[in-house]
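The figures that follow rest on heavy atoms only: side chains count, while hydrogens, waters and symmetry mates do not. Each chain gets a letter, A, B and so on, in the order its sequence line appears, and its residues count up from 1.
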Amino acid sequence: MPEGHSIRHLATIHEGAFAGKTVRASSPQGRFADEAKNIDNRILNNTTAHGKHLFLHFDTGQTVHVHLGLYGWFYLSKNPNKKPKDSTRLRLQHDIYISDLVAPTACELLDDAGVSAIKKRLGPDPIHDDADPEQAWKKIVKSKRTIAGLLMDQSVIAGIGNVYRAELLFLSRLDPFIPGTQMQREKFDEIWRNASILLRDGSTDGKIRTVAPEHLGEDEVKLHGCSQFSYVYKRQRQSCRLCMTEVKETELDSRTLYWCPTCQR
DNA sequence: TGAGTATGTTCAG
DNA sequence: TGAACCTACTCAT
């Protein structure tokens, strides 16, 4: 489930498990073997996250940069005898914890310049206290692209993926297809504010929660806290939770967009 | 058991 | 714009 909230969640978990400790690093799959040797038996200083990018900073001055992509994930375990899968790109281990990274889009060893280059091409991340929404607003308001497309552009705002995109647009009752040039400042501020709140909330346990309890069905209320619900994401051909109009889906920039044509006019 | 789908990004053409 | 990356889950057979 790798949107920004998951990456922050994983950064926090890895910092708690490994920071300040001497870590064994290996690559059972082999594709990160040479790089793993550089950080094997070194101390992991701390972790950071920006958008969907995770950084593990070592005392060598080097940083492991991970992007999970669509399939990637870290599997944490306390079982010292756990066997890695053949596909495990990176295994981090010390006395207590094992973390296995499987199927990431990116796993590479960078110096400070490499880390800076990645952060430079990313927009502000609403999960950060010191993120500057002005940077995002300036790009949005001068773009003719749709607001739905702009919200998914990591160089505009970092960390929002397809689920949060759909839900944020619904929460602000925004037509996904209006161009950035027609965005109202108040609407942008609302999206930014909601993104900050929802991403932070999701980062506590890695789960996306966007629906207010009063908008959940009776059966769903019983499950609330165990499962994830949405207003429009993946609810195509179902009724809108608020107005009962059928939720629509369409392809936009090669991703599926979900919206309520009545609430989001 | 196999097909289909997915919360993402990069690169070739 | 489409293919590639190459995992986990759901659903139909």
With a 4.0 Å limit, can you tell me whether [X] has a side-chain N or O closer than that to the phosphate oxygens OP1/OP2 of [N]?
X: A:Tyr75; N: C:dA8; result: yes
X: A:Arg255; N: B:dT7; result: yes
X: A:Lys52; N: B:dT9; result: yes
X: A:Lys234; N: C:dT10; result: no
X: A:Tyr71; N: B:dG8; result: no

Rounded distance in Å - [atom1] ([X]) to [atom2] ([N]):
X: A:Glu251; N: C:dG2; atom1: CD; atom2: P; value: 9 Å
X: A:Asp100; N: C:dT7; atom1: CG; atom2: P; value: 14 Å
X: A:Ile157; N: B:dG8; atom1: CD1; atom2: P; value: 14 Å
X: A:Glu108; N: B:dT9; atom1: CD; atom2: P; value: 14 Å
X: A:Leu70; N: B:dT5; atom1: CG; atom2: P; value: 13 Å
X: A:Ile160; N: B:dT9; atom1: CD1; atom2: P; value: 12 Å
X: A:Leu257; N: B:dT7; atom1: CG; atom2: P; value: 11 Å
X: A:Met152; N: B:dG8; atom1: CE; atom2: C1'; value: 8 Å

Gap in Å between the two [atom1] atoms, one belonging to [N] and one to [M], rounded:
N: B:dT5; M: C:dT13; atom1: P; value: 14 Å
N: C:dT1; M: B:dT7; atom1: C1'; value: 22 Å
N: B:dG13; M: C:dC5; atom1: P; value: 14 Å

- Describe, in one word, how the ring planes of A:His53 and A:His65 are oriented to each other, choosing from parallel (under 30°), tilted (30 to 60°) and perpendicular (over 60°). parallel
- Task: Looking at every strand, decide which applies to A:Ser87 at a 4.0 Å heavy-atom threshold: base, sugar-phosphate, or nothing.
- Result: sugar-phosphate
- Message: Under a 3.5 Å cutoff, is there a donor and acceptor pairing between the side chains of A:Thr204 and A:His9?
- Response: no
- Message: Heavy atoms from C-beta onward define the side chain here; which of B:dG8, B:dT10, C:dA8 lies closest to that of A:His67?
- Response: B:dG8
- Which nucleotide, B:dG8, B:dT7, C:dT7, lies nearest any side-chain atom of A:Ala103?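 In terms of side-chain proximity for A:Ala103, the closest of B:dG8, B:dT7, C:dT7 is C:dT7.
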- Message: Assess the residue pair A:Asp153 and A:Ser155 against the criterion (side chain to side chain donor-acceptor pair (under 3.5 Å)); give the C-alpha distance rounded to whole Å, side-chain angles, the decisive distance to 0.1 Å, and a yes or no.
- Response: CA-CA 5 Å; A:Asp153 185 337; A:Ser155 69; 2.7 Å; yes
- Would you kindly check if the NZ (Lys) or CZ (Arg) of A:Arg173 is within the cone defined by 45 degrees around the ring axis of A:Phe170 and under 6.0 Å from the six-membered ring centre?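 A:Arg173 over A:Phe170 ring: yes.
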- Item | Six-ring centre of A:Phe55, A:Lys119 cation under 6.0 angstrom, axis tolerance 45° | yes
